[in-house]
Amino acid sequence: MTFKKTEHDHFVTFPLLLPAVVLSAVLLLSGCIETESDTPDSDISDTGVSLFLEANIPLGDTLVQVAAAAYEDGSPAPLTGGDVLVARTESEEKALLVFEQRDNYYKNTLIMNNPDTEVELEVAFDPQGTRSDRWYPTEELLVDPGPGSIVGFQASMTFPESIDITGPVANTAYSSRSDELALQWLGSASDELVLISYNTCFFETSSDQISWVDSRNITDDQSHTLTVGDLIPEDGVVETINTTGNLLAAFIQLSFSLFFEAFTFGLYEPEEIVIPSSALEYCTLSISLVRQKEGTLGEGVSGGRVVGSRSDKVVVEYRP
Amino acid sequence: MKSFNVFTPLTLLTLLLFTLTAHAENGLHSGLSVSAAVGLSKVDIINDAPTRPDFNNSTYLQLNINYALNEWFEIDTGIISYQASKTEKMTDLAGTYQLATSANALQLGGRFLLNFDNDIRAYFRLGGSYYRVNLEVNESFDDIKESGKDSANSSGKGYYYGVGIITNASKNLEIQMEYSGQHLTDVFEDSSRPFDIRYKGVTLGARYNF
(Lines give C-alpha, C1' and ligand atoms only; values in the text may rest on other atoms or scores of the structure.)
Protein backbone atom coordinates (compact mmCIF):
# COMPACT_ATOMS: atom_id res chain seq x y z
CA MET A 1 0.00 0.00 0.00
CA THR A 2 1.22 3.50 -0.73
CA PHE A 3 -0.51 5.65 1.83
CA LYS A 4 1.52 7.95 4.06
CA LYS A 5 0.48 9.68 7.22
CA THR A 6 0.43 13.44 7.44
CA GLU A 7 -0.91 15.84 9.99
CA HIS A 8 -4.26 15.95 8.24
CA ASP A 9 -7.28 14.44 9.85
CA HIS A 10 -8.76 11.21 8.53
CA PHE A 11 -8.13 11.64 4.86
CA VAL A 12 -7.48 9.39 1.92
CA THR A 13 -6.73 10.00 -1.75
CA PHE A 14 -7.05 7.88 -4.87
CA PRO A 15 -5.67 8.80 -8.31
CA LEU A 16 -8.60 7.30 -10.09
CA LEU A 17 -11.33 7.94 -12.52
CA LEU A 18 -14.43 9.18 -10.78
CA PRO A 19 -16.32 5.92 -10.73
CA ALA A 20 -13.27 4.10 -9.59
CA VAL A 21 -12.80 6.50 -6.76
CA VAL A 22 -16.32 6.13 -5.55
CA LEU A 23 -15.66 2.43 -5.64
CA SER A 24 -12.58 3.01 -3.55
CA ALA A 25 -14.77 4.67 -1.00
CA VAL A 26 -16.83 1.54 -1.02
CA LEU A 27 -13.75 -0.56 -0.49
CA LEU A 28 -12.76 1.59 2.40
CA LEU A 29 -16.19 1.32 3.83
CA SER A 30 -16.23 -2.39 3.45
CA GLY A 31 -12.80 -2.80 4.96
CA CYS A 32 -11.35 -4.23 1.74
CA ILE A 33 -8.42 -1.79 1.64
CA GLU A 34 -6.01 -1.78 4.52
CA THR A 35 -3.83 1.25 5.01
CA GLU A 36 -0.95 2.05 7.26
CA SER A 37 -3.29 4.25 9.16
CA ASP A 38 -5.79 1.55 9.97
CA THR A 39 -6.16 1.43 13.69
CA PRO A 40 -8.20 -0.91 15.84
CA ASP A 41 -11.66 0.50 16.29
CA SER A 42 -12.48 0.31 19.96
CA ASP A 43 -16.19 0.02 19.12
CA ILE A 44 -15.63 -3.34 17.40
CA SER A 45 -15.40 -6.09 19.97
CA ASP A 46 -12.78 -8.80 19.51
CA THR A 47 -15.33 -11.36 20.62
CA GLY A 48 -19.00 -11.73 19.84
CA VAL A 49 -21.12 -9.61 17.52
CA SER A 50 -20.72 -5.88 16.92
CA LEU A 51 -23.41 -3.93 15.12
CA PHE A 52 -23.19 -0.39 13.78
CA LEU A 53 -26.49 1.25 12.92
CA GLU A 54 -27.20 4.75 11.70
CA ALA A 55 -30.42 6.39 10.51
CA ASN A 56 -30.08 9.80 8.88
CA ILE A 57 -32.61 12.41 7.79
CA PRO A 58 -31.24 15.01 5.33
CA LEU A 59 -32.53 18.53 5.85
CA GLY A 60 -36.04 19.00 4.46
CA ASP A 61 -36.41 15.36 3.51
CA THR A 62 -39.26 13.00 4.33
CA LEU A 63 -37.01 9.99 3.78
CA VAL A 64 -34.67 8.39 6.29
CA GLN A 65 -31.52 6.65 5.10
CA VAL A 66 -30.66 3.66 7.24
CA ALA A 67 -27.29 1.90 7.12
CA ALA A 68 -25.76 -0.88 9.16
CA ALA A 69 -22.57 -2.89 9.40
CA ALA A 70 -22.11 -6.22 11.16
CA TYR A 71 -18.96 -7.77 12.65
CA GLU A 72 -18.29 -11.01 14.47
CA ASP A 73 -15.16 -11.61 16.55
CA GLY A 74 -13.73 -8.39 15.14
CA SER A 75 -14.14 -9.35 11.47
CA PRO A 76 -16.80 -8.35 8.90
CA ALA A 77 -19.70 -10.77 9.19
CA PRO A 78 -22.40 -10.81 6.52
CA LEU A 79 -25.86 -11.74 7.71
CA THR A 80 -26.70 -14.94 5.90
CA GLY A 81 -28.99 -17.96 5.64
CA GLY A 82 -32.19 -15.99 6.20
CA ASP A 83 -30.94 -13.51 8.82
CA VAL A 84 -31.87 -9.99 7.79
CA LEU A 85 -31.79 -6.46 9.17
CA VAL A 86 -35.26 -4.94 9.12
CA ALA A 87 -35.81 -1.21 9.58
CA ARG A 88 -39.16 0.24 10.59
CA THR A 89 -40.47 3.81 10.62
CA GLU A 90 -43.94 5.07 11.46
CA SER A 91 -44.73 4.76 7.73
CA GLU A 92 -43.13 1.58 6.47
CA GLU A 93 -40.90 -1.44 7.05
CA LYS A 94 -38.07 -2.60 4.80
CA ALA A 95 -35.16 -5.01 4.79
CA LEU A 96 -31.73 -3.42 4.52
CA LEU A 97 -29.94 -4.47 1.33
CA VAL A 98 -26.28 -5.24 0.77
CA PHE A 99 -24.29 -2.94 -1.48
CA GLU A 100 -22.17 -5.76 -2.80
CA GLN A 101 -23.25 -9.35 -2.40
CA ARG A 102 -21.70 -10.99 0.63
CA ASP A 103 -20.50 -7.67 2.00
CA ASN A 104 -21.32 -6.72 5.56
CA TYR A 105 -22.63 -3.21 4.82
CA TYR A 106 -26.37 -2.73 4.46
CA LYS A 107 -28.48 0.24 3.43
CA ASN A 108 -31.99 1.28 2.45
CA THR A 109 -34.25 4.32 2.39
CA LEU A 110 -37.62 4.50 4.11
CA ILE A 111 -40.43 7.03 4.16
CA MET A 112 -40.48 9.03 7.39
CA ASN A 113 -43.01 11.82 7.63
CA ASN A 114 -42.48 12.60 11.29
CA PRO A 115 -38.82 13.00 12.39
CA ASP A 116 -39.93 13.14 16.02
CA THR A 117 -40.74 9.44 15.95
CA GLU A 118 -38.39 6.50 16.33
CA VAL A 119 -36.70 4.28 13.81
CA GLU A 120 -36.58 0.67 14.95
CA LEU A 121 -34.12 -1.92 13.73
CA GLU A 122 -34.34 -5.64 14.25
CA VAL A 123 -32.32 -8.64 13.17
CA ALA A 124 -35.01 -11.04 11.96
CA PHE A 125 -34.98 -14.53 10.52
CA ASP A 126 -36.90 -14.60 7.25
CA PRO A 127 -35.78 -17.53 5.06
CA GLN A 128 -38.47 -16.90 2.43
CA GLY A 129 -38.24 -13.11 2.34
CA THR A 130 -34.47 -13.09 1.87
CA ARG A 131 -34.93 -15.37 -1.14
CA SER A 132 -37.91 -13.51 -2.60
CA ASP A 133 -36.11 -12.51 -5.81
CA ARG A 134 -35.27 -16.08 -6.78
CA TRP A 135 -36.92 -17.46 -9.89
CA TYR A 136 -37.98 -20.81 -8.46
CA PRO A 137 -40.48 -21.60 -5.68
CA THR A 138 -38.39 -21.47 -2.52
CA GLU A 139 -41.16 -23.05 -0.46
CA GLU A 140 -40.53 -26.22 -2.50
CA LEU A 141 -36.72 -26.06 -2.36
CA LEU A 142 -35.02 -24.60 0.69
CA VAL A 143 -31.83 -25.29 2.59
CA ASP A 144 -32.68 -23.88 5.99
CA PRO A 145 -29.68 -23.58 8.34
CA GLY A 146 -31.80 -21.94 11.03
CA PRO A 147 -31.43 -18.51 12.63
CA GLY A 148 -28.05 -17.00 13.48
CA SER A 149 -26.85 -15.95 16.91
CA ILE A 150 -27.95 -12.31 16.68
CA VAL A 151 -31.49 -12.90 15.46
CA GLY A 152 -33.81 -11.11 17.83
CA PHE A 153 -31.46 -8.17 18.40
CA GLN A 154 -33.38 -4.90 18.43
CA ALA A 155 -32.38 -1.25 18.53
CA SER A 156 -34.20 2.02 18.21
CA MET A 157 -33.05 5.54 17.71
CA THR A 158 -34.43 9.04 17.83
CA PHE A 159 -33.09 12.07 16.03
CA PRO A 160 -31.34 15.26 17.14
CA GLU A 161 -32.51 18.72 16.15
CA SER A 162 -32.13 19.39 12.44
CA ILE A 163 -28.96 21.04 11.18
CA ASP A 164 -29.12 23.83 8.59
CA ILE A 165 -25.93 25.06 6.92
CA THR A 166 -26.07 28.84 6.46
CA GLY A 167 -22.54 29.40 5.20
CA PRO A 168 -20.75 29.25 2.91
CA VAL A 169 -23.26 29.85 0.14
CA ALA A 170 -23.62 26.96 -2.28
CA ASN A 171 -21.22 27.06 -5.26
CA THR A 172 -18.88 29.54 -3.61
CA ALA A 173 -15.56 29.43 -5.51
CA TYR A 174 -12.25 29.65 -3.63
CA SER A 175 -9.03 30.49 -5.46
CA SER A 176 -6.33 29.67 -2.93
CA ARG A 177 -5.59 26.77 -0.62
CA SER A 178 -5.07 29.31 2.13
CA ASP A 179 -8.61 30.68 1.75
CA GLU A 180 -10.72 30.19 4.83
CA LEU A 181 -13.76 28.00 4.45
CA ALA A 182 -16.02 29.27 7.20
CA LEU A 183 -18.79 26.83 7.96
CA GLN A 184 -21.82 28.12 9.82
CA TRP A 185 -24.98 26.30 10.75
CA LEU A 186 -28.10 26.39 12.90
CA GLY A 187 -29.55 23.99 15.44
CA SER A 188 -28.76 22.82 18.94
CA ALA A 189 -25.83 20.54 19.58
CA SER A 190 -26.28 16.89 20.27
CA ASP A 191 -23.73 14.13 21.02
CA GLU A 192 -21.44 14.36 17.97
CA LEU A 193 -20.98 16.42 14.81
CA VAL A 194 -19.17 14.80 11.89
CA LEU A 195 -17.93 16.63 8.79
CA ILE A 196 -17.97 14.40 5.71
CA SER A 197 -16.38 15.84 2.58
CA TYR A 198 -16.55 14.15 -0.80
CA ASN A 199 -13.96 15.90 -2.98
CA THR A 200 -13.38 15.60 -6.70
CA CYS A 201 -10.57 17.34 -8.61
CA PHE A 202 -10.35 17.87 -12.38
CA PHE A 203 -7.12 18.53 -14.26
CA GLU A 204 -6.35 20.87 -17.16
CA THR A 205 -4.19 18.45 -19.06
CA SER A 206 -5.98 15.22 -18.45
CA SER A 207 -9.47 13.81 -18.51
CA ASP A 208 -8.68 11.87 -15.36
CA GLN A 209 -10.12 13.05 -12.11
CA ILE A 210 -9.47 12.33 -8.47
CA SER A 211 -12.05 11.82 -5.77
CA TRP A 212 -11.82 10.91 -2.13
CA VAL A 213 -13.74 10.97 1.10
CA ASP A 214 -12.69 12.85 4.21
CA SER A 215 -14.28 12.74 7.64
CA ARG A 216 -13.54 14.54 10.89
CA ASN A 217 -15.34 15.18 14.14
CA ILE A 218 -15.83 18.86 14.95
CA THR A 219 -17.40 20.79 17.80
CA ASP A 220 -21.09 21.53 17.33
CA ASP A 221 -21.03 25.24 18.20
CA GLN A 222 -22.60 26.56 14.98
CA SER A 223 -19.32 27.54 13.29
CA HIS A 224 -16.07 25.96 12.23
CA THR A 225 -13.33 27.38 10.09
CA LEU A 226 -10.83 25.42 8.07
CA THR A 227 -8.80 26.22 5.00
CA VAL A 228 -9.34 24.86 1.51
CA GLY A 229 -5.91 23.29 1.86
CA ASP A 230 -7.17 21.25 4.80
CA LEU A 231 -9.50 19.44 2.40
CA ILE A 232 -7.47 19.74 -0.86
CA PRO A 233 -3.81 19.30 0.14
CA GLU A 234 -1.11 20.05 -2.41
CA ASP A 235 0.79 16.84 -2.02
CA GLY A 236 -1.94 14.36 -1.45
CA VAL A 237 -1.81 11.24 0.55
CA VAL A 238 -2.67 10.82 4.10
CA GLU A 239 -4.94 8.90 6.37
CA THR A 240 -8.18 7.07 5.85
CA ILE A 241 -11.40 7.46 7.77
CA ASN A 242 -10.46 5.63 10.91
CA THR A 243 -13.61 4.79 12.79
CA THR A 244 -16.35 2.44 11.75
CA GLY A 245 -18.95 4.96 12.86
CA ASN A 246 -17.60 7.59 10.47
CA LEU A 247 -17.40 5.04 7.67
CA LEU A 248 -21.09 4.38 8.15
CA ALA A 249 -21.84 8.12 8.12
CA ALA A 250 -19.91 8.47 4.84
CA PHE A 251 -21.66 5.40 3.46
CA ILE A 252 -24.98 7.14 4.04
CA GLN A 253 -23.88 10.47 2.56
CA LEU A 254 -22.71 8.97 -0.74
CA SER A 255 -25.57 8.00 -3.02
CA PHE A 256 -26.35 4.37 -3.54
CA SER A 257 -26.66 4.87 -7.31
CA LEU A 258 -23.09 6.19 -7.52
CA PHE A 259 -21.91 3.11 -5.69
CA PHE A 260 -23.61 0.79 -8.15
CA GLU A 261 -22.38 2.80 -11.14
CA ALA A 262 -18.85 2.73 -9.80
CA PHE A 263 -18.96 -0.96 -9.19
CA THR A 264 -19.37 -1.71 -12.90
CA PHE A 265 -15.95 -0.21 -13.64
CA GLY A 266 -14.04 -2.86 -11.77
CA LEU A 267 -11.33 -2.70 -9.16
CA TYR A 268 -8.47 -0.22 -9.02
CA GLU A 269 -5.43 -0.01 -6.83
CA PRO A 270 -4.92 3.16 -4.83
CA GLU A 271 -1.74 5.14 -5.56
CA GLU A 272 0.08 7.96 -3.92
CA ILE A 273 -0.37 11.27 -5.76
CA VAL A 274 0.26 15.00 -5.59
CA ILE A 275 -2.24 17.71 -6.53
CA PRO A 276 -0.22 20.78 -7.65
CA SER A 277 -2.31 23.92 -8.15
CA SER A 278 -0.65 24.50 -11.51
CA ALA A 279 -2.17 21.32 -12.94
CA LEU A 280 -5.59 21.70 -11.40
CA GLU A 281 -8.57 23.01 -13.30
CA TYR A 282 -10.94 22.90 -10.36
CA CYS A 283 -12.19 20.78 -7.46
CA THR A 284 -15.67 20.30 -6.08
CA LEU A 285 -16.16 19.82 -2.35
CA SER A 286 -19.44 18.30 -1.27
CA ILE A 287 -19.48 18.97 2.46
CA SER A 288 -22.00 17.30 4.74
CA LEU A 289 -22.46 18.10 8.39
CA VAL A 290 -23.95 15.14 10.25
CA ARG A 291 -25.35 15.78 13.72
CA GLN A 292 -25.53 12.50 15.60
CA LYS A 293 -27.50 11.39 18.62
CA GLU A 294 -26.41 8.21 20.33
CA GLY A 295 -28.94 5.42 20.67
CA THR A 296 -28.74 2.45 22.95
CA LEU A 297 -27.39 -0.93 21.90
CA GLY A 298 -29.77 -3.72 22.76
CA GLU A 299 -28.86 -6.95 24.47
CA GLY A 300 -27.15 -9.70 22.53
CA VAL A 301 -24.29 -7.73 20.98
CA SER A 302 -20.82 -7.10 22.35
CA GLY A 303 -19.94 -3.89 20.59
CA GLY A 304 -20.93 -1.29 18.05
CA ARG A 305 -22.89 1.91 17.99
CA VAL A 306 -26.46 3.08 17.30
CA VAL A 307 -26.92 6.59 16.00
CA GLY A 308 -29.82 8.73 14.82
CA SER A 309 -28.59 11.68 12.76
CA ARG A 310 -29.72 14.66 10.72
CA SER A 311 -27.59 16.27 8.07
CA ASP A 312 -27.26 19.12 5.61
CA LYS A 313 -24.96 19.47 2.64
CA VAL A 314 -23.29 22.31 0.73
CA VAL A 315 -21.19 22.09 -2.42
CA VAL A 316 -18.38 24.60 -3.03
CA GLU A 317 -15.50 24.81 -5.52
CA TYR A 318 -11.78 25.35 -5.47
CA ARG A 319 -10.55 27.06 -8.67
CA PRO A 320 -6.86 28.00 -8.37
CA MET B 1 -46.24 -37.15 -6.97
CA LYS B 2 -45.65 -40.59 -8.44
CA SER B 3 -42.56 -41.23 -10.49
CA PHE B 4 -42.41 -43.29 -13.63
CA ASN B 5 -39.56 -45.28 -15.12
CA VAL B 6 -39.39 -44.50 -18.80
CA PHE B 7 -37.19 -47.50 -19.52
CA THR B 8 -39.65 -50.22 -18.42
CA PRO B 9 -42.05 -49.84 -21.36
CA LEU B 10 -39.01 -49.64 -23.61
CA THR B 11 -37.96 -53.13 -22.61
CA LEU B 12 -41.34 -54.52 -23.64
CA LEU B 13 -41.23 -52.63 -26.90
CA THR B 14 -37.77 -53.93 -27.64
CA LEU B 15 -39.05 -57.51 -27.41
CA LEU B 16 -41.82 -56.66 -29.86
CA LEU B 17 -39.33 -55.10 -32.25
CA PHE B 18 -37.19 -58.21 -32.28
CA THR B 19 -40.20 -60.08 -33.60
CA LEU B 20 -40.80 -57.49 -36.26
CA THR B 21 -37.15 -57.51 -37.34
CA ALA B 22 -37.67 -60.86 -38.95
CA HIS B 23 -40.48 -59.35 -40.98
CA ALA B 24 -38.21 -56.55 -42.20
CA GLU B 25 -35.43 -58.94 -43.15
CA ASN B 26 -37.83 -60.53 -45.60
CA GLY B 27 -37.80 -57.20 -47.50
CA LEU B 28 -41.23 -56.03 -46.42
CA HIS B 29 -41.75 -52.79 -44.46
CA SER B 30 -44.40 -53.22 -41.80
CA GLY B 31 -44.85 -49.47 -41.29
CA LEU B 32 -43.21 -49.71 -37.90
CA SER B 33 -39.93 -47.96 -37.22
CA VAL B 34 -37.77 -47.26 -34.22
CA SER B 35 -35.27 -44.48 -33.89
CA ALA B 36 -32.70 -43.35 -31.36
CA ALA B 37 -30.89 -40.04 -31.19
CA VAL B 38 -28.63 -38.00 -28.98
CA GLY B 39 -28.72 -34.24 -28.80
CA LEU B 40 -27.59 -31.04 -27.18
CA SER B 41 -30.19 -28.59 -25.96
CA LYS B 42 -30.37 -25.04 -24.69
CA VAL B 43 -32.41 -24.71 -21.48
CA ASP B 44 -34.53 -21.64 -20.76
CA ILE B 45 -36.73 -20.85 -17.79
CA ILE B 46 -39.80 -18.74 -18.43
CA ASN B 47 -41.64 -16.91 -15.65
CA ASP B 48 -42.01 -13.39 -14.29
CA ALA B 49 -39.38 -13.58 -11.52
CA PRO B 50 -36.98 -10.61 -11.13
CA THR B 51 -33.99 -12.90 -11.65
CA ARG B 52 -33.43 -15.26 -14.54
CA PRO B 53 -31.16 -18.28 -14.38
CA ASP B 54 -28.59 -19.11 -17.01
CA PHE B 55 -28.43 -22.90 -17.37
CA ASN B 56 -25.66 -24.60 -19.26
CA ASN B 57 -26.67 -26.83 -22.17
CA SER B 58 -28.21 -30.22 -21.54
CA THR B 59 -27.39 -33.40 -23.40
CA TYR B 60 -30.36 -35.62 -24.09
CA LEU B 61 -31.36 -39.01 -25.34
CA GLN B 62 -34.45 -39.53 -27.49
CA LEU B 63 -36.10 -42.85 -28.40
CA ASN B 64 -39.08 -43.01 -30.75
CA ILE B 65 -41.36 -45.69 -32.14
CA ASN B 66 -43.38 -44.64 -35.14
CA TYR B 67 -46.09 -46.30 -37.17
CA ALA B 68 -46.74 -45.15 -40.71
CA LEU B 69 -50.40 -44.86 -41.68
CA ASN B 70 -49.46 -43.81 -45.21
CA GLU B 71 -46.53 -42.36 -47.16
CA TRP B 72 -46.71 -38.93 -45.55
CA PHE B 73 -48.00 -39.45 -42.01
CA GLU B 74 -46.82 -41.46 -39.03
CA ILE B 75 -48.01 -41.84 -35.46
CA ASP B 76 -45.10 -40.60 -33.36
CA THR B 77 -44.42 -41.93 -29.85
CA GLY B 78 -41.30 -41.59 -27.80
CA ILE B 79 -39.47 -40.79 -24.66
CA ILE B 80 -36.89 -38.12 -24.12
CA SER B 81 -34.48 -37.79 -21.23
CA TYR B 82 -32.71 -34.50 -20.55
CA GLN B 83 -29.60 -34.84 -18.41
CA ALA B 84 -28.86 -32.47 -15.53
CA SER B 85 -28.13 -28.89 -16.48
CA LYS B 86 -26.68 -26.42 -13.95
CA THR B 87 -26.83 -22.69 -13.42
CA GLU B 88 -23.93 -20.49 -12.44
CA LYS B 89 -23.60 -19.83 -8.72
CA MET B 90 -25.73 -16.86 -7.77
CA THR B 91 -25.87 -14.79 -4.60
CA ASP B 92 -28.54 -12.82 -2.80
CA LEU B 93 -29.37 -11.67 0.70
CA ALA B 94 -29.72 -15.26 1.91
CA GLY B 95 -26.53 -16.75 0.50
CA THR B 96 -24.98 -18.38 -2.55
CA TYR B 97 -27.02 -20.90 -4.52
CA GLN B 98 -26.78 -23.08 -7.59
CA LEU B 99 -29.54 -25.06 -9.27
CA ALA B 100 -29.59 -28.15 -11.44
CA THR B 101 -32.53 -29.46 -13.41
CA SER B 102 -33.22 -32.66 -15.34
CA ALA B 103 -36.37 -33.93 -17.01
CA ASN B 104 -37.95 -36.97 -18.63
CA ALA B 105 -40.96 -36.82 -20.93
CA LEU B 106 -43.26 -39.20 -22.79
CA GLN B 107 -44.34 -38.00 -26.23
CA LEU B 108 -47.35 -38.75 -28.42
CA GLY B 109 -48.03 -36.98 -31.69
CA GLY B 110 -47.73 -37.15 -35.45
CA ARG B 111 -44.97 -36.95 -37.99
CA PHE B 112 -45.53 -35.52 -41.46
CA LEU B 113 -43.09 -36.58 -44.18
CA LEU B 114 -42.16 -35.02 -47.48
CA ASN B 115 -40.22 -36.96 -50.11
CA PHE B 116 -37.59 -35.00 -52.02
CA ASP B 117 -36.22 -38.02 -53.85
CA ASN B 118 -35.56 -41.66 -53.10
CA ASP B 119 -32.70 -40.86 -50.73
CA ILE B 120 -33.71 -37.74 -48.80
CA ARG B 121 -36.92 -36.95 -46.97
CA ALA B 122 -37.87 -34.07 -44.72
CA TYR B 123 -40.32 -34.19 -41.87
CA PHE B 124 -42.14 -32.18 -39.28
CA ARG B 125 -43.43 -33.65 -36.06
CA LEU B 126 -45.65 -32.23 -33.36
CA GLY B 127 -47.39 -33.56 -30.30
CA GLY B 128 -48.14 -33.47 -26.62
CA SER B 129 -45.98 -34.68 -23.77
CA TYR B 130 -46.17 -35.72 -20.16
CA TYR B 131 -43.11 -34.71 -18.17
CA ARG B 132 -41.40 -35.20 -14.84
CA VAL B 133 -38.89 -32.54 -13.79
CA ASN B 134 -36.34 -32.72 -11.01
CA LEU B 135 -34.96 -29.50 -9.56
CA GLU B 136 -32.09 -29.46 -7.07
CA VAL B 137 -30.61 -26.53 -5.17
CA ASN B 138 -27.24 -26.29 -3.42
CA GLU B 139 -26.96 -23.43 -0.95
CA SER B 140 -23.97 -22.14 1.02
CA PHE B 141 -23.72 -19.38 3.58
CA ASP B 142 -20.17 -17.95 3.60
CA ASP B 143 -19.03 -20.74 5.94
CA ILE B 144 -20.99 -18.97 8.66
CA LYS B 145 -23.84 -21.49 8.55
CA GLU B 146 -23.90 -25.07 7.34
CA SER B 147 -24.41 -25.49 3.60
CA GLY B 148 -26.67 -28.16 2.09
CA LYS B 149 -28.93 -29.19 -0.76
CA ASP B 150 -32.60 -29.88 -1.36
CA SER B 151 -34.55 -31.24 -4.31
CA ALA B 152 -38.13 -31.52 -5.50
CA ASN B 153 -40.04 -33.08 -8.42
CA SER B 154 -42.91 -31.84 -10.51
CA SER B 155 -45.03 -33.53 -13.18
CA GLY B 156 -47.25 -32.03 -15.83
CA LYS B 157 -48.04 -31.62 -19.50
CA GLY B 158 -46.30 -29.93 -22.35
CA TYR B 159 -45.76 -30.12 -26.07
CA TYR B 160 -42.96 -30.84 -28.50
CA TYR B 161 -42.07 -30.17 -32.10
CA GLY B 162 -39.28 -31.01 -34.47
CA VAL B 163 -38.13 -30.58 -38.05
CA GLY B 164 -35.57 -32.81 -39.64
CA ILE B 165 -34.19 -34.63 -42.62
CA ILE B 166 -33.75 -38.36 -43.20
CA THR B 167 -31.34 -40.01 -45.57
CA ASN B 168 -31.01 -43.70 -46.40
CA ALA B 169 -27.99 -45.53 -45.04
CA SER B 170 -29.10 -49.00 -46.14
CA LYS B 171 -32.29 -50.82 -47.08
CA ASN B 172 -33.77 -50.60 -43.57
CA LEU B 173 -31.53 -48.10 -41.83
CA GLU B 174 -31.79 -44.34 -42.09
CA ILE B 175 -29.81 -41.45 -40.59
CA GLN B 176 -31.74 -38.46 -39.34
CA MET B 177 -30.86 -35.00 -38.09
CA GLU B 178 -33.42 -32.89 -36.31
CA TYR B 179 -33.95 -29.49 -34.72
CA SER B 180 -36.47 -29.92 -31.95
CA GLY B 181 -38.09 -28.17 -29.05
CA GLN B 182 -39.76 -29.37 -25.89
CA HIS B 183 -41.91 -26.99 -23.85
CA LEU B 184 -42.76 -28.12 -20.32
CA THR B 185 -45.54 -25.90 -19.01
CA ASP B 186 -46.47 -24.93 -15.45
CA VAL B 187 -43.69 -26.70 -13.60
CA PHE B 188 -44.52 -26.57 -9.86
CA GLU B 189 -47.94 -25.33 -10.94
CA ASP B 190 -49.39 -25.03 -7.42
CA SER B 191 -46.44 -23.11 -5.98
CA SER B 192 -45.89 -19.39 -5.51
CA ARG B 193 -43.58 -19.24 -8.51
CA PRO B 194 -44.47 -21.71 -11.28
CA PHE B 195 -42.39 -21.63 -14.44
CA ASP B 196 -42.07 -23.17 -17.89
CA ILE B 197 -38.96 -24.93 -19.13
CA ARG B 198 -38.12 -24.63 -22.80
CA TYR B 199 -35.61 -26.99 -24.37
CA LYS B 200 -34.35 -26.30 -27.88
CA GLY B 201 -31.71 -28.44 -29.45
CA VAL B 202 -30.35 -30.51 -32.30
CA THR B 203 -30.10 -34.29 -32.49
CA LEU B 204 -28.35 -36.83 -34.64
CA GLY B 205 -29.78 -40.30 -34.74
CA ALA B 206 -30.58 -43.49 -36.62
CA ARG B 207 -33.89 -45.03 -37.59
CA TYR B 208 -34.64 -48.64 -38.39
CA ASN B 209 -37.66 -49.57 -40.51
CA PHE B 210 -39.18 -52.99 -39.89
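Chain identifiers are assigned alphabetically (A, B, ...) following the order of the sequence lines, protein sequences preceding nucleic acid strands; residue numbering begins at 1 within each chain.
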Here the pair of heavy atoms bringing B:Lys145 nearest to A:Thr80 is NZ-O, 3.0 Å
Taking every heavy atom of A:Thr130 against every heavy atom of B:Ala94, the minimum-distance pair comes out as OG1-CB, 3.5 Å
Strictly distance-based, threshold 3.5 Å: is any side-chain N or O of A:Glu140 a donor or acceptor partner for the main-chain N or O of B:Ala152?
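Not at all, since once roles are kept as given, no pair shorter than 3.5 Å links the two residues.
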Turns out that what part of B:Glu146 lies under 4.5 Å from chain A's heavy atoms comes down to backbone
Pick one of side chain, backbone, both or neither for B:Leu135, based on which atoms fall under 4.5 Å of a heavy atom in chain A.
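Its backbone and side chain both get close to chain A.
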So which residue, B:Val137, B:Ile144, B:Leu99, ends up with the most heavy-atom pairs under 4.5 Å with chain A?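 Answer, by heavy-atom pair count under 4.5 Å with chain A: B:Leu99.
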Return yes when atom [atom1] of [X] has more than 12 non-hydrogen atoms of other residues, nucleotides or ligands closer than 6.0 Å, and no otherwise.
X	atom1	result
A:Phe125	CZ	yes
B:Lys86	NZ	no
A:Asp46	CG	no
B:Glu71	CD	no
B:Asn57	CG	yes
A:Asn113	CG	yes

Indicate yes or no: at least one non-hydrogen side-chain atom of [X] is less than 4.5 angstrom from one of [Y].
X	Y	result
A:Val98	B:Leu93	yes
A:Trp135	B:Met90	yes
B:Asp92	A:Asp133	no

What part of A:Leu85 is in contact with chain B, defined as an atom under 4.5 angstrom from a non-hydrogen atom: side chain, backbone, both or neither?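 A:Leu85 has no heavy atom closer than 4.5 Å to chain B.
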Does NZ or CZ of B:Arg193 lie under 6.0 Å from the centre of the six-membered ring of A:Tyr136, at an angle within 45° of the ring axis? no
Interface check, chain B: of A:Thr138, A:Leu142, A:Val84, A:Asp126, most non-hydrogen pairs under 4.5 Å belong to A:Leu142
